[in-house]
Amino acid sequence: MAAFVRSLVLALMVSRFTNIMASDDDPYDAICSPIWGYFPDCAEYLGGLSHHLPKKCCHSIRKLNEIAKKTKKGPKVVCFCIEAFMVPQDFHLKPSRIKKLPKKCHTDILFPISETMNCSFDER
């Protein structure tokens, strides 16, 4: 009987965990949604898929900077959200494009951005 109860409790816990993971209240969505709305404006240029820097990209960089300024960990949050956007797609940015972006957009970039967007080790 005790084994049956343990199995039932385990099944209920797995079911609850699965429901939480599949829910619409995904914390990444809530936190990263605004960032995911802006970053794609720059992704094709930064990834080397387009030679033309869209004007919308510079506007988006300014918006991402505003998000990064909101809290002490804001730059890291922006970095992690961009990383979460890119990693599943195995998308890499071109270092030369990243380097040119601040000058082309006439603004500093206040969040870490790199070729592979590995935010775990970036202390900036």
Side-chain angles (χ1 to χ4, degrees):
M1 178 71 163
F4 174 75
V5 171
R6 277 192 297 252
S7 297
L8 183 60
V9 169
L10 180 60
L12 288 171
M13 288 173 57
V14 168
S15 173
R16 176 73 178 134
F17 178 76
T18 303
N19 287 339
I20 289 170
M21 294 307 289
S23 78
D24 291 335
D25 298 330
D26 186 352
Y28 273 116
D29 283 347
I31 294 167
C32 295
S33 220
I35 295 159
W36 291 338
Y38 292 118
F39 185 73
D41 295 334
C42 300
E44 285 190 4
Y45 171 76
L46 290 174
L49 301 175
S50 168
H51 295 290
H52 174 71
L53 175 69
K55 287 182 184 181
K56 202 172 183 182
C57 172
C58 293
H59 171 75
S60 293
I61 291 296
R62 287 185 201 88
K63 289 295 190 180
L64 291 170
N65 278 342
E66 287 175 21
I67 293 169
K69 285 183 199 177
K70 287 187 178 183
T71 66
K72 182 179 177 183
K73 297 206 180 220
K76 195 90 161 163
V77 169
V78 172
C79 182
F80 274 114
C81 290
I82 293 171
E83 179 180 4
F85 173 83
M86 291 175 44
V87 167
Q89 303 171 52
D90 195 31
F91 190 78
H92 297 276
L93 304 179
K94 301 238 179 253
S96 61
R97 298 277 178 103
I98 296 167
K99 188 176 179 178
K100 292 176 186 175
L101 193 61
K103 186 174 182 179
K104 285 185 173 257
C105 288
H106 308 287
T107 189
D108 290 329
I109 298 177
L110 303 178
F111 50 91
I113 186 169
S114 65
E115 179 183 358
T116 59
M117 289 303 297
N118 185 347
C119 303
S120 301
F121 301 105
D122 194 326
E123 292 301 318
R124 184 170 156 194

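All figures in this text were calculated on a predicted structure; none of them were measured in a lab. The figures here come from the full heavy-atom set of this structure, side chains too, leaving out hydrogens, waters and symmetry mates.
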Applying side-chain contact (heavy atoms from CB on, under 4.5 Å), run through Phe91 and Ile82 and close with a yes or a no.
CA-CA 11 Å; Phe91 190 78; Ile82 293 171; over 6 Å; no
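- Residues satisfying the side chain to side chain donor-acceptor pair (under 3.5 Å) test with His92, not counting sequence neighbours, are Asp90.
- Phe39 pairs by the ring-ring contact (aromatic ring centres under 6.0 Å, His included) definition with Phe85, not counting sequence neighbours.
- When all heavy atoms of Leu93 and Ser114 are compared, the pair lying nearest together is CD1-O, 3.5 Å.
- For Gly37 against Pro40, the heavy-atom pair with the smallest separation is C-CD, 4.1 Å.
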Contacts under 3.5 angstrom, residues 63-75 side chains, donor-acceptor by atom type, not counting sequence neighbours:
residue: Asn65; atom: OD1; partner: Leu110; partner atom: N; Å: 2.8
residue: Asn65; atom: ND2; partner: Asp108; partner atom: O; Å: 2.7
residue: Thr71; atom: OG1; partner: Gly74; partner atom: N; Å: 3.0

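- Partners of Cys105 under the side-chain contact (heavy atoms from CB on, under 4.5 Å) rule, at least two apart in sequence or in another chain, are Leu53, Cys58, Leu101, Thr107.
- The heavy-atom pair separating Pro54 from Tyr45 by the smallest distance is CD-CB, 4.3 Å.
- Residues satisfying the side chain to side chain donor-acceptor pair (under 3.5 Å) criterion with His51, sequence neighbours excluded, are Arg97.
- Considering SG of Cys81 and OH of Tyr38, their distance stands at 13.5 Å, rounded to 0.5 Å.
- Under the side-chain contact (heavy atoms from CB on, under 4.5 Å) criterion, Glu44 pairs with Leu49, Ser50, not counting sequence neighbours.
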